[in-house]
Amino acid sequence: MSMDKPVVLVVGASGTIGQPTVAEAFSRGYQTKALVRDPAQASLFPEGVQVVVGDLTRAETLHEAVDGVTGIIFTHGIGGNNPKGSEQVNYGAVRNVLSVLNAPARIALMTAVGVTKLSVGHDWKRRGERLVRASGLPYTIVRPGWFDYNAPDQQRLVLRQGDTHWAGAPSDGVVSRKQIAQVLVASLTSPAASRKTFELVAEQGEAQADLEPLFSALPADPADGYDAIRDRDNLPIAKEPPAVVRELEAMRGRFKD
């Protein structure tokens, strides 16, 4: 992300992760855009945040949102296993935003711990991850644990890879919304976080003041791969819906020189 004039768009800005993410980006001095469906939601954000109205399910409404941005943070998502909703939001929002982006930008995408455990909701989130990796844009993909289930003394961040925790319960890992927002925003300007995917949880101990050692310790995702490093191969591209394969191929390298 260019530091000369950083402009950060938060997708899913009105949500419970989106709001602290907007506040975190704005507090760092970034020109911050909050994408919402309802202009009345402007009251959710600090004065000075630019509120942009658009519909994540309609790419044609997103041009103003992405205009001039140097970084995009995706905090959107719906729970459960609603096939249509999961496709339109968990996956479609990523596809639509990237499809109207007219210049390279740094990406931070939030999905979820356990995203590689097969289910309708998870599978569409995972397909969104694949679009980001295929795009050729610098990115960080954060898979946070259960929001705000951490105890007051659980502040020490741990970054895991391989997505091996599949209980579907707080035993998979916990982390505060505030720390998720901090990691998402910090990743935008960290060379060490580029092209890395990790599960984000908090364990007993104090929060680290510097996140760079955590980012630096992680290996990057495979070059030109669709999946994260160490993820199991349980959603083969060859068995994906034809429309998903076409969109993935169309996205591949779209922003490469």
Side-chain angles (χ1 to χ4, degrees), residues 1-4 6-13 15-32 46 69-77 104-115 129 132-133 137-165 170 172-222 228-231:
M1 185 173 75
S2 170
M3 289 305 295
D4 295 334
V7 182
V8 177
L9 170 68
V10 179
V11 177
T16 63
I17 304 298
Q19 290 181 55
T21 300
V22 170
E24 176 72 14
F26 190 71
S27 72
R28 286 176 174 246
Y30 302 154
Q31 181 178 333
T32 307
V69 300
T70 57
I72 302 174
I73 305 177
F74 291 91
T75 65
H76 69 292
R106 181 72 179 257
I107 305 298
L109 171 66
M110 182 189 80
T111 58
V113 68
V115 72
E129 289 189 357
V132 169
R133 295 190 190 99
L137 294 167
Y139 68 84
T140 305
I141 296 174
V142 181
R143 299 164 168 176
W146 287 62
F147 306 161
D148 288 341
Y149 276 75
N150 55 307
D153 64 347
Q154 286 180 292
Q155 301 291 326
R156 183 176 64 87
L157 293 177
V158 176
L159 278 51
R160 307 185 309 219
Q161 292 182 311
D163 198 37
T164 58
H165 294 64
D172 289 333
V174 296
V175 65
S176 72
R177 287 173 168 84
K178 181 178 179 180
Q179 287 190 297
I180 297 168
Q182 290 170 342
V183 170
L184 288 167
V185 176
S187 74
L188 291 179
T189 54
S190 170
S194 183
R195 213 163 51 81
K196 295 182 179 179
T197 302
F198 54 85
E199 295 83 59
L200 175 68
V201 301
E203 297 183 354
Q204 190 172 25
E206 295 183 357
Q208 299 94 324
D210 184 4
L211 299 179
E212 283 301 289
L214 298 178
F215 294 145
S216 297
L218 299 176
D221 291 335
I229 192 168
R230 298 176 182 158
D231 280 357

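Quick caveat, the model's predicted, so the values are computed rather than measured. Only heavy atoms go into these numbers, but all of them, side chains included; no hydrogens, no water, no symmetry mates.
- Contact of the V11 side chain with the I73 side chain is not registered, since no non-hydrogen atoms from C-beta on lie closer than 4.5 Å.
- Between E212 and S190, some side-chain heavy-atom pair lies under the 4.5 Å cut-off.
- Between I72 and V8, every side-chain heavy-atom pair lies at or beyond the 4.5 Å cut-off.
- Between M110 and I180, some side-chain heavy-atom pair lies under the 4.5 Å cut-off.
- Residues V175 and N150 have side chains not in contact (no heavy-atom distance under 4.5 Å, counting atoms from C-beta outward).
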Is there a side-chain contact (heavy atoms from CB on, under 4.5 Å) between T111 and E199? Walk through the geometry before answering.
CA-CA 9 Å; T111 58; E199 295 83 59; over 6 Å; no

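- Taking a 6.0 Å sphere around CZ of F147, one finds it holds more than 12 heavy atoms contributed by other residues, nucleotides or ligands.
- Side-chain contact, R177 with T16: a donor N or O sits under 3.5 Å from an acceptor N or O.
- Side-chain atoms of T197 and D221 form a donor-acceptor pair, as typed in the model, at a separation below 3.5 Å.
- In this structure, the side chains of Y30 and V7 stay at 4.5 Å or more apart for every pair of heavy atoms.
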Does the side-chain contact (heavy atoms from CB on, under 4.5 Å) test come out yes or no for Q179 and Q155, once each step is laid out?
CA-CA 8 Å; Q179 287 190 297; Q155 301 291 326; 3.5 Å; yes

For the pair S194 and Y139, evaluate side-chain contact (heavy atoms from CB on, under 4.5 Å) and give the outcome as yes or no after the intermediate values.
CA-CA 5 Å; S194 183; Y139 68 84; over 6 Å; no

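- Proximity of I107 to L188: side-chain heavy atoms (C-beta onward) are nowhere separated by under 4.5 Å.
- Between L211 and L157 the shortest side-chain heavy-atom distance falls below 4.5 Å.
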Would you please test F198 and D163 for side-chain contact (heavy atoms from CB on, under 4.5 Å) and show each step?
CA-CA 8 Å; F198 54 85; D163 198 37; over 6 Å; no

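- No option in T70, T32, T189, V69 other than T70 meets the side-chain contact (heavy atoms from CB on, under 4.5 Å) test with P6.
- Among residues two or more places apart in sequence or in another chain, the side-chain contact (heavy atoms from CB on, under 4.5 Å) test is passed with P219 by Q161, I229, R230.
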